[in-house]
Asker: 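I'd like to ask you about the structure that follows.
Positions are given from 1, in the same order as the sequence printed here. First listed ligand is number 1; within each ligand, the first listed atom is number 1. Side chains are part of it too, since the values below use all heavy atoms of this structure and drop only hydrogens, waters and symmetry mates.
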Amino acid sequence: MNENIGFKKRKKAFTALAILCVIALCVGLYCVNMQKKRYALASFAMSTIVDQKAYGPHANKAMQAVEQALAKFEAEFSLYQAQSDIAKINAAAGGEAVAVKPETFALLKRAKELSSESENAFAVTLAPLSLAWGVTSEHPQVLTQTQIDALLPLVNDADILLDETAGTVKLAKKGQAIDLGGIAKGTACTLAENLYTQYGVKSALLSIGGNIYAKGTKPDGSLYRIGFRDPLTTDTQASIASITMQDEVLAVSGGYERFFEKDGVRYHHILDPKTGAPANSDIVSVGVIDKDGTVADFYSTTLFVWGKERALQYFRDGGRGMLLDNEKNLYVSKDLQDSFELVESAGGYTVVFI
Ligand code: AMP
Ligand code: MG
């Protein structure tokens, strides 16, 4: 009799354990599947397409938060949005100092530090000239030398006067203006990175107009493979080569990205602060990789203006990325040698590891 009761108890305990095991297995499988489930979101911000892909249970929420944060970022930093801190600083140039948000202050401070490293190739105070050229606007125009000469004295990042204690910014001369277009997309990538982390997203891929951030690895453990765009086609998905990346930003600059043509001449959107005209660069496109998106974006623009020789020195000195010149030489920084792959159909390129 006692034996029978003992047997029944053991049977019950065994059944309960088995049910628990099945539940645990189901929950486990569900979690694994959730981690592997891919979500995607496409939106438009900063005059370009924003593409997000992310994995995991919080991916959707994280991507929506990124979408909102980019809209907010643009509203704060775009010179084209009248209520932005930047538009207010520009409107008050030569007059009163403007109280700005701490993030605006920090970004302008960073921009000023970076441009001082650029040997006069990068200047956020290029705005009077970039607005007059209007390469990205609906009415671009070729400026005369007289027009350029009138605006060029306004280009000087040292004239961004930052008052740390008051939290104010002032442009020294009337007519001066700030355009953060050369670093904004990279900075936005890092902003997104922080949000993905906050939301517990371990794997994501973000593209803001060709500036790419890869977070973690794919759920199967493989690395994200990022294409280096073929500048000879308008197909933004066509690549000539690819590399793998993890927790880094790739920022790409090239004259083919935005330009207009007049009388058979092409005028692109990257200006040389020394001449006030589109940089006469022997680089077709250049990609820079860095953990800090602002730095990557800053250097991609700066290297383009520097031109090939000075830019290659940047890679020799430990900078990371790749550069395509106008003779189809593709220079790749040595550290990328193991992950670099030339796309088979991309013919005629000479790859040089440097
Ligand atoms: P990117 O595509 O990162 O090379 O940035 C190009 C954008 O940066 C342009 O559309 C302008 O808004 C701005 N820009 C152009 N030339 C320069 C320059 N030399 N220094 C800083 N910003 C620039
Ligand atoms: Mg840039």
Asker: Taking the basic N atoms (NZ, or NE/NH1/NH2) and the acidic carboxylate oxygens, is any pair closer than 4.0 Å for E257 and R229?
Answerer: no
Asker: Can you tell me which residue and heavy atom of the protein come closest to atom 1 (P) of ligand 1, and the distance to 0.1 Å?
Answerer: T301 OG1, 3.3 Å
Asker: So for ligand 1, is S253 a polar contact partner (N or O within less than 3.5 Å, distance only)?
Answerer: yes
Asker: Look at ligand 1 and say whether A121 reaches it with a heavy atom at a distance under 4.0 Å.
Answerer: yes
Asker: Can you tell me which portion of A123 lies within the under-4.0 Å heavy-atom range of ligand 1? Options are side chain, backbone, both, or neither.
Answerer: backbone
Asker: Ignoring water, what protein N, O or S atoms are under 2.8 Å from the Mg ion (ligand 2)?
Answerer: G182 O, D297 O, D297 OD1, T301 OG1
Asker: Can you confirm if the NZ or CZ of K334 lies within 45° of the ring axis of F353 and under 6.0 Å from the centre of its six-membered ring?
Answerer: no
Asker: Please enumerate all residues that pass ring pair (Phe, Tyr, Trp, His ring centres under 6.0 Å) together with F304, with sequence neighbours excluded.
Answerer: H268
Asker: Provide the number and element of each atom of ligand 1 under 4.0 Å from a heavy atom of E257.
Answerer: 2 (O)
Asker: Should M245 and L250 count as side-chain neighbours, where that means a heavy-atom distance under 4.5 Å?
Answerer: yes
Asker: Quick one: look up the protein heavy atom nearest atom 15 (C) of ligand 1 and list residue, atom name and how far away it is.
Answerer: H269 O, 3.2 Å
Asker: Under a 4.0 Å threshold between the charged nitrogen and the carboxylate oxygen, would K185 count as salt-bridged to D297?
Answerer: no
Asker: Heavy-atom distances under 4.0 Å are what count here, so tell me which part of I183 touches ligand 1: side chain, backbone, both or neither.
Answerer: neither
Asker: With K308 as reference, evaluate D325, N326, D282 under the side-chain hydrogen bond (donor to acceptor under 3.5 Å, both in side chains) test and give the passing residue.
Answerer: D325
Asker: Compare all side-chain heavy atoms of D292 with those of R110 and state whether any distance is below 4.5 angstrom.
Answerer: yes
Asker: Does a donor on one side chain sit under 3.5 Å from an acceptor on the other, for K215 and Y224?
Answerer: no
Asker: Pick one: which of Q52, H58, K202 meets side-chain hydrogen bond (donor to acceptor under 3.5 Å, both in side chains) with Y196?
Answerer: Q52
Asker: Within ligand 1, which atoms have a heavy atom of D297 less than 4.0 Å away?
Answerer: 3 (O)
Asker: Considering only heavy atoms, which of S130, G182, S115, A111 lies nearest to atom 5 (O) of ligand 1?
Answerer: G182
Asker: Will you find, in the side chains of R225 and S242, an N or O donor that is under 3.5 Å from an N or O acceptor?
Answerer: yes
Asker: For D179, counting its heavy atoms only, list the atoms of ligand 1 lying under 4.0 Å from any of them.
Answerer: 11 (C), 12 (O), 13 (C)
Asker: Out of the candidates D159, D179, L171, only one should pair with T125 under the side-chain contact (heavy atoms from CB on, under 4.5 Å) rule; please name it.
Answerer: L171
Asker: Of all the non-hydrogen atoms in the protein, which one sits nearest to atom 16 (N) of ligand 1, and at what distance?
Answerer: L271 N, 3.0 Å
Asker: Could you tell me whether some N/O pair between P273 and ligand 1 is separated by less than 3.5 angstrom?
Answerer: no
Asker: Check ligand 1 against L126 and write out every atom of the ligand that is under 4.0 Å from a heavy-atom position of the residue.
Answerer: 16 (N), 17 (C), 18 (C), 19 (N), 20 (N)
Asker: Within ligand 1, which atoms have a heavy atom of G181 less than 4.0 Å away?
Answerer: 5 (O), 7 (C), 8 (O), 12 (O)
Asker: Could you measure the distance from the OH atom of Y256 to the OG1 atom of T233? Nearest 0.5 Å is fine.
Answerer: 10.5 Å
